[in-house]
Amino acid sequence: MFRKKEWIAMLLAGGQGSRLGVLTKNMAKPALPFGCKYRIIDFTLSNCVNSGIDTVGVLTQYQPLELNEYIGNGSAWDLNRMFGGVHILPPYQQSEGGKWYKGTANAVYQNLTFIDRYDPEYVIVLSGDHIYKMDYEKMLEQHKKNGADCSIAVLNVPLNEASRFGIMNADEDGRIFEFEEKPKHPKSTLASMGVYIFNYEKLKKYLKADEKDKTSDNDFGKNIIPQMLSSGEKIYAYRFDGYWKDVGTIKSLWQANMDILDSSEPLKLSQRDWRIYSQNPILPPQFVSKESKVTNSIMSEGCEIYGEVKNSVIFSGVKIGRGCRICNSVIMPDTVIGENCKIDYSIVGSNCILGSGCRVNGREENITVLANKIKLADKVEIAAGEAVRASVKGVKTMETAV
């Protein structure tokens with residue numbers, strides 16, 4: 001017996017994140033470490049809890065193991081509920097056979113039975129790979145006020161980036177009359193954030209019709225929203241003016257981490273009335289030695305710092321040796337950096353081991369990346385923009401870097 005809910009969330013977290021290259025080879029993008037002590041998915045889950053949503057379906061597909069283990073029973077986000085809570089929803093075998101999720105719309109379609117258990121008035125569909133703080137309840141209030149069938153959260157983006165997003169045009173009342181998914185020649189800069197609120201009965205109707213269309217991509221942006229528009233449904237834009245970043249590329253992931261260190265940016269992790277919750281390891285306090293120097297950086301529990309750290313994000317359990325200089329970089333959990341290493345404009349994955357005297361030479365326009373569990377022998381030098389996929393046993397110069 002399930003109690004009726006006013007609304008529930010369906011969180012799309014099954015993407016490969018191929019543009020993040022070596023960082024998502026064995027991990028779904030929403031599970032990637034971010035911001036010293038979080039995972040990317042923490043932001044969307046925390047937004048749900050802070051907005052009063054107590055039932056969240058997390059739709060997983062690509063490399064789900066670490067994400068599943070991390071979310072667990074949802075207790076870190078107060079989502080371990082008797083009625084509701086967080087539920088991991090991978091593709092599964094049905095009487096007519098098993099199917100992978102074919103697209104974002106199909107992923108939700110395959111879980112209509114889950115949604116029906118709660119008989120919600122509204123369903124909010126979210127992406128698990130964006131960094132932002134947003135009160136979804138305010139969006140729901142506007143949705144009700146407009147008498148909308150669907151509401152889409154939007155923000156203005158630079159024209160040269162508009163082709164990466166779903167772009168729409170809306171009238172002065174906010175009603176959307178045109179929507180194009182990733183257009184080559186965008187007509188406006190009003191971009192979809194991948195946050196949709198639907199009246200559930202309308203959503204179910206269009207998902208079922210879309211599933212019968214063999215030519216469909218089964219995608220919200222390419223199919224469901226355009227079909228609703230062409231059918232005359234009321235679709236409204238909800239304008240968002242806070243911090244939001246799609247961390248789908250190496251540069252955007254690096255930049256979002258750096259934004260945490262910039263006091264002029266609106267992304268404030270210390271905001272007490274809108275906390276970002278996470279599953280944190282129990283580790284001793286960080287240790288900063290007397291010979292070290294730390295400037296404009298953040299670090300988490302279990303770190304040991306003996307060198308210089310400047311303008312960097314250091315995750316839990318990281319050890320930085322004497323004589324090191326780490327600048328403008330992101331060092332992910334449990335990585336050990338030997339003495340006299342120099343790292344600049346780089347992302348170093350989890351559980352890496354760098355020998356003494358290594359050089360990882362990124363540049364702001366050309367970030368260098370080391371995958372998880374990479375081992376570099378002493379004095380290995382990695383060039384700007386390289387993506388290191390395998391351990392380097394011998395000395396390699398910038399010209400012959402992996």
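From a predicted model like this one, the values you see are computed outputs, not experimental measurements.
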Fill in: Heavy-atom donor-acceptor pair, Asn199 side chain to Lys202 backbone, under 3.5 Å
no
Worksheet entry | Ionic contact status for Asp149 with Lys234, cut-off 4.0 Å | no
Discussion item. Less than 6.0 angstrom separating the ring centers of His143 and Tyr238, yes or no?
Written reply: no
Discussion item. With a 4.0 Å cut-off on N to O distance, would you call Arg363 and Asp344 a salt bridge?
Written reply: no
Discussion item. For Tyr70, does the six-membered ring have the charged nitrogen or CZ of Arg39 within the cation-pi criterion, i.e. under 6.0 angstrom from the centroid and within 45° of the normal?
Written reply: yes
Fill in: N/O donor-acceptor pair under 3.5 Å between Lys268 side chain and Ser263 backbone
yes
Practice prompt. For residues Phe34 and Phe315, establish whether the separation of their ring centroids is below 6.0 Å.
Written response: no
Item to complete: Answer yes or no: is there a donor N or O on one side and an acceptor on the other, between the side chain of His130 and the main chain of Lys245, under 3.5 Å?
Response: no
Item to complete: Please work out which of the three classes, parallel, tilted or perpendicular, describes the rings of Trp244 and Tyr132, given edges at 30° and 60°.
Response: perpendicular
Worksheet entry | Centroid-centroid distance, Trp77 to Phe43, less than 6.0 Å | no
Fill in: Matching residue for Leu67 among Ile40, Thr60, Leu32, Ile88 - test: side chain to side chain contact (heavy atoms under 4.5 Å, CB included)
Thr60
Worksheet item: Does the side chain of Gln255 pick up a donor-acceptor pair with the side chain of Asn257 at under 3.5 Å?
Response: no
Practice prompt. Kindly assign one of parallel, tilted or perpendicular to the pair His87 and Tyr118, based on the angle between their ring planes and the thresholds 30° and 60°.
Written response: tilted
